[in-house]
Amino acid sequence: MSKLTPKYFKGMKMKTINNYIDTINTDLGEKLPLGASFNGAAKTLRDYLNSHDFINHEGIEINDDTIDDFITRINSENKNDNLNFLPTNKIDNEMTQAVNPLEQLVQNTISVNDLLQIYNRYSPNPITEQQLQQSTNGNLDLAKAQLINEILLHAKDGTLVTRGNGFGRTSDRKGMPDLAKIVLDLQRDIKRVKNAISPQGAQALVDKHNATAKPSAHWKLNKRNPQGPATLTNLTDINNDGIPDVIITNANNQPVYVNGYTTTNSNYPIDLAYYTKYPTRADRHGHSLNDFKNELYNVTYDVDNDDIRQRGNVTAFDPHVEYLDGYDLNKFKLKQPKRMTSFNRFKKFVVGLYIDRVLQELNVPSHAKLAVLSKACAAAWNTFVLAPIYHKYNANTEADRNRIKKKAAAEIDLMVDDVYYRLTQTNDNWSEQNRAGFENQFIETLGNAIGGDFEGHEFV
């Protein structure tokens, strides 16, 4: 019998392996210990999978799909072991004469939960225990009869959906028909937003949105007591599964986030073109998706204008539509490019004056430059652009600052120009001494944000 060896676990994370162990414990009723180390977790999972002939049924790949198929197979084998529909070798003559074996099987051997699991394993339209109770008014015998009738009807007309059971049949994925509708019919992408998973994070998103939105467009969190705190105990349970749900709805009571999930405009045509042109990881090396989008959109910005106020404007937009030739793009519109954002203008035209020299002076390795560049830009942006705006409008709270960033967007863009002029030019009210001092302060902010001590530092 072929067995999994340690090499098949190479590249997996210990957290992923422990998640598989936990899933097996939950779905198969096992008590496998979670691993405190990678080797320990891998050995526990490997031994268990090998003991159940994993390779011969599911193959050598260990991932979400094969683990799901494995669990389905083991559940099926356990049911087959436990439910002998024709136990002829165990039925004594007296019982066969006195009791209808089918009646005894249905009444005493098979539970409603057993039948519900069988039904949901094969039916195209699974149902919940709550739905079954409602449709049968809690009558167990009626529930069994209804489930058996549905299973036999589907078996008779050939509409059972086959799932993995160790005989080479494929397994379905719950929710995939609904996912297909979202992706194919609505042409939307599904996104998990981590900040919307917890009640505290969801409430923060609601507060941030409502700080700048009109009262008629406010969001709300599904709290039992709307005036109460954003805690698990104050959240409603929408589907009655005993688990609190975190639902953000808009002013029309339509969901915006559901347990952290939301939908966004799809970029599938562009993603399809990119991954078709660069299908493998090796092909994509040195060709980022953003670079491909820039190539596709073929946008030209003004970057050399003597007037800093004009830099960042779009001067040409000639997209390469041949990538998308023949596509119906009614719901996949190429957005018309806009002037660079204030932050991107600041990053390119202001921070760009000094950042290469700062990185060189600090001996920052090439693989770390992108990360430290973002950190340095953020520090300078907050200090020289946003802080003066916040001070001017007395924006001391996070809500006030979010509101001002939106309200004073044009003023923030002008502040970028002002910082550039103060770093590069002099006038009657701004001497060379003023300019040099401001420049030193700017450079120190960049260097200190990266981790260097630039106080008093001068470039040669």
Open item on the list: Tell me every residue that passes salt bridge (charged side-chain N to carboxylate O under 4.0 Å, His left out) with Lys369, counting only those two or more places apart in sequence or in another chain.
Closed with: none
Task: Sole candidate of Gln310, Arg309, Arg311 that passes side chain to side chain donor-acceptor pair (under 3.5 Å) when paired with Asn313 - done: Gln310
Open item on the list: Test: ring-ring contact (aromatic ring centres under 6.0 Å, His included). Region: residues 197-228. Which pairs qualify, not counting sequence neighbours?
Closed with: His209-Trp219
TODO: Compute whether any side-chain donor of one residue and acceptor of the other, for Thr212 and Asn402, lie under 3.5 angstrom apart.
DONE: no
TODO: With salt bridge (charged side-chain N to carboxylate O under 4.0 Å, His left out) as the test, would you mind laying out the steps for Glu398 and Lys208 before giving the verdict?
DONE: CA-CA 8 Å; Glu398 187 68 21; Lys208 182 178 180 179; over 6 Å; no
- [ ] With sequence neighbours left out, write down each residue that passes side-chain hydrogen bond (donor to acceptor under 3.5 Å, both in side chains) with Tyr261, or none if nothing qualifies.
- [x] Arg192
Open item on the list: Is it true that Tyr420 and Gln425 share a donor-acceptor pair across their side chains at a distance under 3.5 Å?
Closed with: no
Task: Where at least one partner belongs to residues 6-20, residue pairs that pass side-chain hydrogen bond (donor to acceptor under 3.5 Å, both in side chains), sequence neighbours excluded - done: Tyr20-Asp64
- [ ] Show your working on salt bridge (charged side-chain N to carboxylate O under 4.0 Å, His left out) between Arg422 and Glu439 and close with a plain yes or no.
- [x] CA-CA 8 Å; Arg422 284 191 286 161; Glu439 182 181 60; over 6 Å; no
Open item on the list: Checking Phe9 now: which residues fulfil ring-ring contact (aromatic ring centres under 6.0 Å, His included) with it, not counting sequence neighbours?
Closed with: none
Open item on the list: Can you see whether Asn434 engages Ser431 through a side-chain donor-acceptor pair at a distance of less than 3.5 angstrom?
Closed with: yes
Task: Where Thr262 and Val256 come nearest, the two heavy atoms and their spacing - done: OG1-O, 2.7 Å
- [ ] Could you tell me which residues satisfy salt bridge (charged side-chain N to carboxylate O under 4.0 Å, His left out) with Arg46, sequence neighbours excluded, listed by chain and number?
- [x] none
Task: From Asp245, Thr249, Thr236, residue fulfilling side chain to side chain donor-acceptor pair (under 3.5 Å) relative to Asn222 - done: Thr236
Open item on the list: Under 3.5 Å, is there a donor on one side chain and an acceptor on the other for Asp302 and Asn305?
Closed with: yes
TODO: Determine whether the side chains of Asp207 and Gln203 contain a donor N or O and an acceptor N or O closer than 3.5 Å.
DONE: yes
TODO: Using the test ring-ring contact (aromatic ring centres under 6.0 Å, His included), find all partners of Phe292 that sit at least two apart in sequence or belong to another chain.
DONE: Tyr274, Tyr323
TODO: Kindly determine whether Arg345 and Asp417 satisfy salt bridge (charged side-chain N to carboxylate O under 4.0 Å, His left out), including the steps that lead there.
DONE: CA-CA 9 Å; Arg345 292 183 66 241; Asp417 303 337; 2.7 Å; yes
Task: Heavy-atom side-chain contact between His57 and Asp69 under 4.5 Å - done: no
Side-chain donor-acceptor pairs of residues 374-382 under 3.5 Å, sequence neighbours excluded:
| from | atom 1 | to | atom 2 | distance (Å) |
| --- | --- | --- | --- | --- |
| Ser374 | OG | Leu370 | O | 3.2 |
| Lys375 | NZ | Ala449 | O | 3.3 |
| Asn382 | ND2 | Ala378 | O | 3.1 |

Open item on the list: Suppose we screen for side-chain hydrogen bond (donor to acceptor under 3.5 Å, both in side chains). Which residues come up paired with Thr23, at least two apart in sequence or across chains?
Closed with: none
Task: Under the side-chain hydrogen bond (donor to acceptor under 3.5 Å, both in side chains) test, residues paired with Asn294 that sit two or more places apart - done: none
- [ ] May I ask you to establish whether Arg401 and Tyr390 are in a cation-pi arrangement, using a distance under 6.0 Å from NZ or CZ to the six-membered ring centre and at most 45° from the ring axis?
- [x] yes
Task: Val385 vs Ser342 side-chain heavy atoms within contact, under 4.5 Å - done: no
Open item on the list: Applying ring-ring contact (aromatic ring centres under 6.0 Å, His included), can you list everything that pairs with Phe384, at least two apart in sequence or on another chain?
Closed with: Phe438, Phe442
Task: Residues forming a ring-ring contact (aromatic ring centres under 6.0 Å, His included) with Phe54, sequence neighbours excluded - done: Phe70
